[in-house]
Amino acid sequence: MRREIPMIVAFVAGVIIILEFFVPALTPVSSRIQNWYLVVVAFAILVGAFNLLRLNYMKVRHRRTDWPFAILLIVGFFTMALAGLIGGIDEGTAFDWLFNYFVYPMSSTMFALLAFFVASAAYRAFRARTVDSTLLLAAAFIVMLGQVPIGSIWVPSWWPFFLSPDWLKDRIMDIGNTAGQRAILIGASLGVVSTSLRILLGIERSYLGEE
Amino acid sequence: MDGLTLLGTWIAAILTLCILSFLYKDNPFYKFAEYLFVGISAGFWVAYQYHNLLVPNLIEPLFGSAQGKGALPLLLTEGQFDLRLLTIIAGLLGLTMLFRFIPKLAWVSRYGIAFSVGLGAGLFFVVFLQANCLAQIKGTIIPPVVITDGGVDVGSSLANSLLIIGVVSALIYFYFSKEHTGVLGGAAKLGIWFLMVSFGAAFGYTVMARISLLIGRMSFLIDDWIKGTLIALGLI
């Protein structure tokens, strides 16, 4: 029963959502359980945060590598969480100040750092050896050139419009990129639909974990 | 620039430099910023989800807010049953998730997980089928020859035809039930080319987005930090 009841819970929750599209009378029930879903998701985030704290506490307790930094992580967590829970998250609060001067600069620099690694990886991996890799390289180059002002500044007036980076970039995005992404989306959505069916019918049970 | 803003700008600048120091190699300054970032981000999400998910969907319906009484006070003081009382079920399902940390009772967490997975499966089933699969197929069923008042619009016709050929050939590439030989092999090869163009475009966009972030950080260091400090000190 430790596995069967959760499977029934999953089935009922999923089927109500699907049936709502065919039976509008079910909308109030569906909206209510979708709100419940948000509550459960919030608790899932708590589980993640608690797990992070537990792992770092163990790191400090057993004096593992980099344990002093783990103290910093715990202090950072409680500072931010308590600032938000006690003082609120509106503009002008301590939480807002911490977000503006800690979270935002660090997250944007982390992502900006990837520019270097992506460029370095591309330099090593991109070689126009085959038609496939040449197409990838050319598309990436044209899109990057078309995105920046210099891409169109150098184009002289007599240059054919269909060879300008701006025009080529738009065509690549509208035709090549749309076609590829569309095929991927259709394939992926069919995969999601079949996996959802497997979950609802109890064929896919990996989310229940080990007995 | 007031004192608190100046202090914040200095903290943000030092943390930015700490993270950028990783370009040299992994070092204690980077680790300092990395661990702080993870801790503060986790704290951010806990507080954010509490105010945006738990308060409006669990705490206010049950205990009330400035706008009105909650379901529990209504039941206890006036003996009135309010449908919002059912929110308790959501709270209990959420609480079951916390049982993951008690090994002997870890199985209880399956209720919360099963509910969220089942509901997510139901939601994705419909949303992906409607918004992605059917909408994308509908977007591909377009006229390969576009006729306007002045005759055939060659540009649009070519674009539409290429789009249809691209989608169909890329889908053929994803079809693995038959060996990719002959006509099917040729179509699959064409599909790979379209996919390569798509990946290249996605790569180009990603790189440009990252570069844009980097320019933003450099601009912050030069304008907000260095110039801002000099202005605050009255040096320029």
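Just so it is clear: chains get the letters A, B, ... in the order the sequence lines come, proteins before strands, and each one is counted from 1.
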Atom group of [X] that falls short of 4.5 Å from chain B, counting heavy atoms:
X        : result
A:Ser194 : neither
A:Phe78  : neither
A:Ile199 : side chain
A:Val192 : side chain
A:Phe111 : both
A:Ile33  : both
A:Arg54  : side chain
A:Phe11  : neither
A:Met173 : side chain
A:Ser108 : both
A:Ile18  : both
A:Phe95  : side chain
A:Leu137 : neither
A:Arg32  : side chain

Picking from [options], which has the most non-hydrogen pairs under 4.5 angstrom with chain B?
options                              : value
A:Val118, A:Asn35, A:Ile89           : A:Ile89
A:Leu46, A:Leu52, A:Asp66            : A:Asp66
A:Asn100, A:Val15, A:Asn51           : A:Asn51
A:Ala49, A:Pro68, A:Ala138, A:Ser107 : A:Ser107
A:Gln34, A:Arg171, A:Met7            : A:Gln34
A:Ala139, A:Ala122, A:Gly187         : A:Ala139

Any donor-acceptor pair under 3.5 Å from [X] side chain to [Y] backbone:
X        : Y        : answer
A:Ser30  : A:Ile17  : no
B:Ser212 : B:Met208 : no
B:Thr87  : B:Leu58  : no
B:Ser198 : B:Phe194 : no
B:Asn27  : B:Ser21  : yes
B:His180 : B:Tyr175 : yes

Would you say that [X] contacts [Y] through its side chain, given a criterion of any heavy-atom pair below 4.5 Å between the two side chains?
X        : Y        : answer
A:Phe99  : A:Met80  : yes
A:Phe21  : B:Gln130 : yes
B:Val197 : A:Ile175 : no
A:Met58  : A:Arg64  : yes
A:Leu113 : B:Leu20  : yes
B:Thr96  : A:Phe43  : no

Non-hydrogen atoms of [X] and [Y] that approach each other most closely:
X        : Y        : answer
A:Lys59  : A:Ala70  : CD-CB, 4.0 Å
B:Ser156 : B:Val146 : CB-CG2, 3.8 Å
A:Leu208 : B:Arg110 : O-NE, 2.8 Å
B:Ser116 : A:Val40  : CB-CG1, 4.1 Å

Using heavy-atom distances under 4.5 Å, tell me whether [X] contacts chain A through its side chain, its backbone, both, or neither.
X        : value
B:Leu86  : both
B:Asn160 : neither
B:Phe220 : neither
B:Phe99  : neither
B:Phe37  : both
B:Tyr111 : both
B:Ile89  : side chain
B:Pro28  : both
B:Ile164 : neither
B:Thr9   : both
B:Met97  : both
B:Thr140 : both
B:Ile192 : side chain
B:Leu83  : both

With a cut-off of 6.0 Å (strictly less than), are more than 12 heavy atoms of other residues, nucleotides or ligands near [atom1] of [X]?
X        : atom1 : value
A:Tyr104 : OH    : no
B:Phe203 : CZ    : yes
A:Tyr57  : OH    : no
B:Phe176 : CZ    : yes

With a 4.5 Å cut-off on heavy-atom pairs, point out which of [options] contacts chain A the most.
options                              : answer
B:Ala47, B:Ala106, B:Gly91           : B:Ala47
B:Leu195, B:Leu93, B:Val117          : B:Val117
B:Val168, B:Leu7, B:Ile40            : B:Ile40
B:Ile19, B:Val127, B:Thr206          : B:Ile19
B:Trp45, B:Phe124, B:Phe22, B:Phe128 : B:Phe128
B:Leu123, B:Ile113, B:Val55          : B:Leu123

Legend entry - Residue pair A:Asp90 / A:Thr93, side-chain donor-acceptor N/O under 3.5 Å: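 Absent: no donor and acceptor within the cut-off.
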
Inset, instruction - Determine whether the side chains of B:Trp10 and B:Thr229 contain a donor N or O and an acceptor N or O closer than 3.5 Å. - result: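 Yes, B:Thr229 and B:Trp10 have a side-chain donor paired with an acceptor closer than 3.5 Å.
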
